[in-house]
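Here is the structure we will look at, set down as structure tokens.
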Amino acid sequence: MSRKWLSLAMAALAVIVLAMAANGLVAHASKGASPSLIPEPTDQIRREIQADGESPNISFIESPGPTCYKASVGTCYLQWSYLSVSASTSQYIISMTTSINGQIRAYHAGFFQTSMYIPGDMLTPGFKVACGWRGASGVPELGYSYNYVIRAAETGGLKSANYGTVTCPADVGTVFMPIVLRR
């Protein structure tokens with residue numbers, strides 16, 4: 001019976017030590033400086049990132065040349081020549097998303113990669129949008145303007161974003177409905 005109580009006491013002690021470690025009450029023995037915690041505020045929750053001495057940085061998203069071109073009557077496409085982002089040292093890119101007017105139009109997931117490059121050919125022909133009436137964006141000869149947001153996230157919790165606006169050429173498709181008289 002004493003062995004049974006001894007094993008129960010050891011199990012209870014292990015649970016207490018694990019609970020204390022989870023709450024940060026037990027100091028861990030490691031050589032060198034312990035990592036510092038860098039708070040990163042977000043809209044919904046507060047997150048912390050571990051770093052050794054200095055703050056890690058995710059690179060800026062490169063998204064040169066967003067354009068809007070007319071494809072057919074009333075239909076335009078938004079397209080980029082490429083999208084690119086790199087993670088900070090010892091981190092990986094998790095995802096990159098493209099949103100147009102608040103709606104996610106593309107999601108690219110990473111798999112143990114330190115950078116992500118999306119060529120323009122991968123997004124061909126682009127993201128379909130309406131061209132719009134003349135002056136709809138406030139510019140007399142152009143159509144609708146679209147706000148875009150490109151976001152990237154890495155495993156360390158850091159995020160990067162590009163924001164911008166693209167204005168499309170004016171072109172509205174006209175639909176003629178036949179007049180049918182009924183008696």
Test side-chain hydrogen bond (donor to acceptor under 3.5 Å, both in side chains) on Glu154 and Ser88; report intermediate values, then the result. CA-CA 8 Å; Glu154 70 173 18; Ser88 60; 3.0 Å; yes
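- Taken from CD1 in Ile61 to NZ in Lys159, the straight-line distance is 12.0 Å, to the nearest 0.5 Å.
- With 2.5 angstrom as the limit on SG-SG distance, Cys68 and Cys76 do not come in below it.
- A donor-acceptor pair under 3.5 Å links the side-chain atoms of Thr155 to the main chain of Tyr92, judged by distance alone.
- Side-chain atoms of Thr98 and Leu123, non-hydrogen and from C-beta on, never get closer than 4.5 Å to each other.
- Atom CD1 of Ile94 sits about 9.5 Å away from atom CE of Met116, to the nearest 0.5 Å.
- Among all heavy-atom pairs drawn from Ile150 and Ser63, the shortest one is CD1-CB, 3.6 Å.
- In terms of hydrophobic clustering, with Ile, Leu, Val, Met, Phe, Trp and Tyr side chains grouped at heavy-atom distances under 4.5 Å, Val172 and Leu142 are assigned to different clusters.
- With sequence neighbours excluded, no residue satisfies side-chain hydrogen bond (donor to acceptor under 3.5 Å, both in side chains) with Tyr69.
- For the pair Thr114/Gln91, no side-chain contact is recorded, criterion being any heavy-atom separation below 4.5 Å from C-beta on.
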side-chain hydrogen bond (donor to acceptor under 3.5 Å, both in side chains) between Glu62 and Tyr82: does it pass, once the steps are laid out? CA-CA 8 Å; Glu62 292 183 46; Tyr82 70 89; 2.9 Å; yes
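- Between the CG atom in Leu78 and the CD1 atom in Ile100 there is a gap of 4.5 Å [rounded to 0.5 Å].
- Aromatic rings of Trp80 and Tyr148 (six-membered ring for Trp) have centroids within the 6.0 Å cut-off, being under it.
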For Thr67 and Gln79: C-alpha separation, side-chain torsions, deciding distance, then whether side-chain hydrogen bond (donor to acceptor under 3.5 Å, both in side chains) applies. CA-CA 5 Å; Thr67 58; Gln79 189 175 28; 5.4 Å; no
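- Distance check: Phe60 CZ to Asn162 CG gives 9.0 Å after rounding to the nearest 0.5 Å.
- Closest heavy-atom contact between Cys131 and Lys70: SG-CG, 4.2 Å.
- Judged by distance alone, the side chain of Arg134 and the main-chain N or O of Pro169 form no donor-acceptor pair under 3.5 Å.
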Where do Val85 and His108 land on the side chain to side chain contact (heavy atoms under 4.5 Å, CB included) test, with the steps shown first? CA-CA 12 Å; Val85 67; His108 305 281; over 6 Å; no
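- Shown here for Ile93 and Ser86, the closest heavy-atom pair between the two residues is CD1-C, 3.9 Å.
- Dense packing is recorded around OH of Tyr117, with more than 12 heavy atoms of other residues, nucleotides or ligands lying under 6.0 Å away.
- Summarising the geometry, atom OG belonging to Ser99 is positioned 10.0 Å from atom OH belonging to Tyr163; distances are rounded to the nearest 0.5 Å.
- Atom OH in Tyr146 sits 7.0 Å away from atom CG in Asn101 (nearest 0.5 Å).
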Test log, rule side-chain hydrogen bond (donor to acceptor under 3.5 Å, both in side chains), inputs Ser145 and Thr165: CA-CA 6 Å; Ser145 288; Thr165 302; over 6 Å; no
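- Between Tyr77 and Phe127, the ring centre distance reaches or exceeds 6.0 Å.
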